Amino acid sequence: MSSGTDFLLKPVFPRGFSGSLHLVLLFGVFGSWVCQRFKMGIREGSKERNGWSDEELVTLLDLALRTLAWGAVCVYLFNLDVVLYRKHVNLPVQHFVSDVVSVVTGLFLCYVGFLGENEGEDAILEEPLLNGDSNASNESESNKSKGGENVTPYSNAGFFSILTFSWLGPLISAGTKKTLDLEDVPQLDPSDSVFVSYPSFRNKIEAECGTISGVTTLKLVKALISMARKEILLTAIFCMMYTMASYVGPYLIDTFVQYLNGRRNFKNEGYVLVSVFFSAKLVECLTERHWYFRVQQVGIRIKSVLIAMIYNKGLTLSCQSKQVHTSGEIINFMTVDAERVGDFCWYMHEIWRILVQIVFALLILYKNLGLASIAAFLATVLVMLANIPLGAVLEKFQDKIMESKDKRMKVTSEILRNMRILKLQGWEMKFLSKIMELRKTEAGWLKNFLYTNAISSFLFWGAPTFVSVVSFGACILMGIPLESGKILSALATFRILQEPIYNLPDTISMMVQTKVSLDRIASFLRLADLQSDVIERLPRGSSDTAIEIIDGNFSWDLSSSNQTLKDINLKVQHGMRVAVCGTVGSGKSSLLSCMLGEVPKISGTVKLCGTKAYVAQSPWIQSGTIEQNILFGKEMEREKYEWILEVCSLKKDLEILSFGDQTLIGERGINLSGGQKQRVQIARALYQDADIYLFDDPFSAVDAHTGSHIFKECLLGVLSSKTVIYITHQVEFLPAADLILVMKDGRVTQAGKYNDILNSGTDFMELVGAHEKALLALDSVEAGSVSESTSMSKEVGNMSSTNGVAQRQENTDVETGKTDDTVGTKGQIIQEEEREKGKVGFSVYWKYITMTYRGILVPFILLGQVLFQLLQIGSNYWMAWATPISKDMKPAVSGSTLMIVYVALAIGSSFCVLLRSMLLAVAGYKTATQLFSKMHYCIFRAPMSFFDATPSGRILNRASTDQSAVDLSMQYQVATFAFSLIQLLGIIAVMSQVAWQVFIIFIPVIAVCFWYQQYYIPSARELARLVGVCKAPLIQHFSETISGSTTIRSFDEESRFRETNMKLTDTNSRPKFNISGAMEWLCFRLDMLSSITFVFSLIFLVSIPEGVIDPGIAGLAVTYGLNLNTLQSWVIWNICQMENKIISVERILQYTSIPSEPPLVIEENRPDQSWPSLGEIDIRNLQVRYGPHMPFVLRGLTCTLPGEMKTGIVGRTGSGKSTLIQALFRIIDPAVGQIMIDGINISLIGLHDLRSRLSIIPQDPTMFEGSVRSNLDPLEEYTDKQIWEALDKCQLGDEIRKKDGKLDSTVSESGENWSVGQRQLVCLGRVLLKKSKVLVLDEATASVDTATDTLIQETLSQHFSNCTVITIAHRITSVIDSDMVLLLNNGLIEEYDSPARLLENKSSSFSQLVAEYTFRSNSS
């Protein structure tokens, strides 16, 4: 009896009882859970199985793991008690500690269990509602970036959910079930959205600086810091806690080794040590995860407000400020600089943290090594100093890489914009070599950067070894006794020191880069805005005068003495029609611009009363549907809309397009013809229903019939009661004006009605005279037949147009390539950006690894790392084994032997690192260079249809962002994964040496880690891809805004565009925010699991009897184990990072397999040097279409264009004129039939041979950035003398002699600093230089006045009299003097004969066209 009572009173009974209770509770919880599941299963029937989501499985697994861990601890303690009880050992403190812990844990688990259950039930209740809602709401709603139903769970997550990142569970689980799309990614928390953060940021800036233009870098930084000060403070606290916790391990190792050696300071010291180790690990893990997550959150917020700021500035820049930066550079501020400032948040706390780390390290070293710690300190400083010049050199190289990359990207973007011209001229390979030259410079800097980086990486890996050699050497010299515990503590400290040593140059360079970026952004924000006081706006209806300019002097360049517009006096009443005419470059467009307030005013006043609408000369079309372009932010009024389509004769065009007005328009309206773009612009202006309309020569891009229709219907019909100011080169549109302004050299030289000014001055006479002279050629039409034939031609016109011609099939390409009869959106030209789905294939890695020398360097790189790891472990093993555990023991070897072996091993390991780093640099460099060359070659050899269907932003993204990743980080990402894996295996090997039992827990933990990683990867991968895909629309919207800022301002739509930009910014931030959370979600779980492994091994070491194991080696295992959780999560993290980064390689490889055009040169089929000698073009049954499923555009043409003669091709818009020219240049190859030139079938010779022997003056005149010389002669084949001759022939010689640089005078991006007419003349100059036998003019004189047109025609007839000239023109006068006229209708030849014969036959379509033109001119 007494013994029983004794047993009850002994501590082991309550312990055993509490352990059993825990087990009972465990089974109870498990049982209740099974019952619940069973009940739910009955209740929900078949639905239940679907309810078993991955998310619930993970949660279950999470709980099961915790339960098992708890169970294992219970059983272990229970058994331990029984053992101890049998051995009659009493451990009261241990009982007390573990009892307290177990009770607290029990309570905590119950709390979490019940709380979690409630939360779970709520979630189940909420879920269907949310899902139903999101399905019901249409896609556009779910895509809205302001709010939306589905805000991130982070905004209302509970404490534990935030602590463990569980709020990300639903998203990660969704990612395992399906490929994540943007709709699945929840909206940002309002505080992270740019809609909330930008206004407060702007207010702070304005409070600091008054206006945005007064901002300095310092004030910008202040505003950014005060915007995120709470988060910055919080992350600083996390950072400090993490740093302190990470030093607990090294500090306690010595004590632990002494404990194992038998020196106990108090009872149960081992368990106390284990709890301290574990608590420190816990704090370290939690603070690190939250620190990283929060700084990324701040980074996203900062980046967003900077993007909004830069965008808003871009909308208000003055024209002069725009000259300072090209659009590419402005986009760089947004994509590169804002991003970099956002990324700096990672490094925000590093500067002070490095100091704290060094101080802690020295304290620990001082405790262990005494004065030798000073030597350690000096060695550390030395390594850091060695890193600084390296850092500076690296930074210089980085700058140079960026600089040369900027240059390359500028050229690339210009080339992509003008690819059609390059293909037509046969220049694409020359321009490719230009890019390759630029890349060569960039690659030179890249090579230097990578090799220097290899040395810096050698320093990183060698630093701890160097510092430890110096420290231990100092100890031996000073006679400080070395004990294994102290040495291990020092080694662990050196390993932590390695990080700040390595990060210092990185941090410094990041600071410098961020400062450069901030300076660039601030200087951009300081640029001058448009003058806000140019125009005095009067309230609507307050005045009879719509526009008044009094003594106006304006200049685009205020610094230039040469004013653009001088002494302008003008008064326009409401409802007046004002025509502006004048020669090329006389200041017509500038006059309209000054009414819009775009031209800086020197003096005078401009008053404007009412709303305005503007139609630019070069159409500005947004990518989006045609409907969106016409509505331009206004509500849809169906009746008005349909009527406007009718007026702008867009109805027929829309019938042809497969999606009508829902057709997506490509970048810069690429799949519309020039005329269609112009008409869409006019429709957009009409829909705005403004008071004042400004038209900048919109009639030049459309054919004669459409032009007169629009003039009649719009200007004389719809807008008859509005104020209209229109520029025109067509004299026939002038008589209808109430006031005509004739401009010359920036002055209004004549003003008045048509008949008044016709007799009063010479300038107007010249213009009209040129027009009349052109009309004389049409004299063969008797006046009498004019009127009847006109009425007839109207009917014919209507008939022929209804056949569905109004589409210039030229670029229907679109609906090409990817048409599928089954689908809706596939036929659209601009497909959604293709992103690979699912796992990145192994083939991508394999191609990447084996690209250089077939992968021969890879085994050597790995061998270097394995040897390094072995020597490292060997040297530490040697130190632990060879030094005594305590002072009173005799060392195994002498001090000198100890150091010699250690130094030898250290040198060996350093050499391996150097070798490995160098080989890695070589492999990375070669691979990047090869990928670049392959991708660019494939892009430049791609057919034109590829460029029409691919927005240049996508190609540029690969050439910049993805190429940068391959240049600078991909090789390190792949290598780091391999290296960290080798390190991890090394650690496991060391730990298992001491206690193989660790494997019992290690293997399942690793398995769970990999399971977690596999579970996380699908979501992370798709989120990373979404980041790439969401960036393109943001960049595209920005570049469109910059190019169309005049139009946007003229319609007063700035605020709508700002909002769109903010929505796109938020959409871009959404996947970023979730990807950073997901990363921490994973790392938190991996850290926890590896901490369990570590603690388990510690408990094992503490529990085994003394003397079973060598304390020094056990200490070594612990030293390595301290790194276990970091390394384990690092390996997994590297796998994920590598998967994310390899996407760049995957995207580049996508573009190395674009189907290419036919070969440039076919050796066995090269034509003679003299070919074509006659220039006779024989077309036989030519049938052309833009894609396999598309209708034929040319439907069987057969005719011969005689050599050395002039042939005019006419036909209404969309009859196939431009398609015929594209077939001639083989931009598209015929499906059936052939074209022979001088008896050679052009499909059988190389493209370069063909295109270089033909000449073309294209419809859109193009100039490239560079000089006048490089524009006329890009292939550098002619002398200056020949170039001057050509310039004189095309009437530009005098203009260019006036310029300072003569032939070297600059041409800005896209030739912006030249008028459209002058650009057209430069294109003429190119042709005069090339002197081909066959010359094609595609609407070549659309943008010049009649006088200049006549001049061009004369020049051509003079210099190309013995050539075959093919002219496509809307102006009948341009083709009337041809030898032959080919009239196309709906892809067929309607008439083909000499103009004289066709005009004799009054019923011929050609004579009707001529009659219509003459009638239009005469009636005016």
Side-chain angles (χ1 to χ4, degrees), residues 33 36-37 40 48-67 109 111-131 134 149-189 192 285-286 289-290 292-294 296-297 1008-1024 1026 1070-1089 1129 1132-1133 1136:
W33 175 77
Q36 264 185 328
R37 272 283 152 214
M40 280 175 80
E48 170 50 29
R49 201 169 63 254
N50 303 341
W52 257 108
S53 68
D54 275 18
E55 180 195 344
E56 284 166 10
L57 272 174
V58 174
T59 316
L60 174 66
L61 189 86
D62 237 8
L63 291 171
L65 263 174
R66 295 174 195 175
T67 309
L109 285 171
Y111 166 68
V112 170
F114 290 114
L115 189 82
E117 226 164 80
N118 296 340
E119 273 182 11
E121 279 165 22
D122 290 351
I124 289 169
L125 284 175
E126 283 162 21
E127 217 170 341
L129 290 173
L130 282 175
N131 288 352
S134 67
E149 292 300 307
N150 183 16
V151 176
T152 171
Y154 174 73
S155 8
N156 44 21
F159 174 71
F160 282 108
S161 176
I162 283 183
L163 194 70
T164 59
F165 295 95
S166 307
W167 53 271
L168 266 159
L171 182 67
I172 293 176
S173 126
T176 54
K177 294 197 207 80
K178 60 176 277 248
T179 304
L180 284 184
D181 282 316
L182 195 55
E183 293 80 73
D184 306 314
V185 181
Q187 303 296 345
L188 293 174
D189 180 57
D192 289 323
C285 158
L286 280 169
R289 301 285 60 103
H290 284 277
Y292 283 173
F293 174 65
R294 294 295 169 107
Q296 287 179 83
Q297 195 181 0
V1008 173
C1009 280
F1010 273 98
W1011 184 86
Y1012 261 129
Q1013 186 256 346
Q1014 289 308 314
Y1015 177 74
Y1016 152 90
I1017 265 291
S1019 314
R1021 191 191 309 118
E1022 294 315 318
L1023 284 170
L1026 280 174
R1070 268 156 59 194
K1072 271 218 150 104
F1073 172 80
N1074 285 289
I1075 208 168
S1076 55
M1079 190 73 247
E1080 303 312 323
W1081 176 92
L1082 178 71
C1083 289
F1084 173 76
R1085 281 152 181 71
L1086 300 184
D1087 280 359
M1088 282 304 174
L1089 287 166
S1129 50
I1132 304 280
W1133 193 77
C1136 304

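Because the structure is predicted, anything quoted here is derived from the model rather than measured. Sequential numbering from 1 along the given sequence is applied to the chain's residues.
- Between the OH atom in Y1016 and the CZ atom in R1021 there is a gap of 11.0 Å [rounded to 0.5 Å].
- Contacts of D189 classified as salt bridge (charged side-chain N to carboxylate O under 4.0 Å, His left out), with partners at least two apart in sequence or in another chain: none.
- Nearest heavy atoms, C285 versus F1084: SG-CD1, 3.9 Å.
- For D184, the side-chain hydrogen bond (donor to acceptor under 3.5 Å, both in side chains) partners two or more places apart in sequence, or in a different chain, are K178.
- Expressed to the nearest 0.5 Å, how far CE of M1088 lies from SG of C1083 amounts to 12.5 Å.
- Side-chain contact between I162 and H290 is present, with heavy atoms from C-beta onward closer than 4.5 Å.
- Distance alone, capped at 3.5 Å, places no donor-acceptor pair between the R1070 side chain and the L188 backbone.
- Between the side chains of D192 and Q297, at least one donor-acceptor pair of N or O atoms lies under 3.5 Å.
- Judged as a side-chain hydrogen bond (donor to acceptor under 3.5 Å, both in side chains), and not counting sequence neighbours, Q1013 has no contacts.
- Between the side chains of K177 and S173, at least one donor-acceptor pair of N or O atoms lies under 3.5 Å.
- Checking side-chain atoms of R289 against main-chain N and O of T164 turns up no donor-acceptor pair under 3.5 Å.
- To the nearest 0.5 Å, atom CD1 of residue I1017 and atom CZ of residue F1010 are 11.5 Å apart.
- Nearest heavy atoms, L171 versus P186: CD1-CD, 4.0 Å.
- Closest heavy-atom contact between G1077 and L168: C-CD1, 2.9 Å.
- When all heavy atoms are compared, the tightest approach of L1026 to V185 is CD1-CG2, 3.9 Å.
- In this pair, Y1015 and W1011 present their aromatic rings parallel. The plane angle is below 30°, not in the 30 to 60° band.
- Listed for the S161 side chain is no donor-acceptor partner under 3.5 Å among the backbone atoms of A157.
- For the atom pair CD1 of I172 and OH of Y1012, the computed distance is 10.0 Å after rounding to the nearest 0.5 Å.
- Between Y154 and F293, the ring planes are perpendicular. Angles over 60° get that label, and only those under 30° would be called parallel.
- When all heavy atoms of L1089 and C1009 are compared, the pair lying nearest together is CD1-SG, 4.0 Å.
- Here Q296 contributes atom CD and M1079 contributes atom CE; the two are 9.0 Å apart, rounded to the nearest 0.5 Å.
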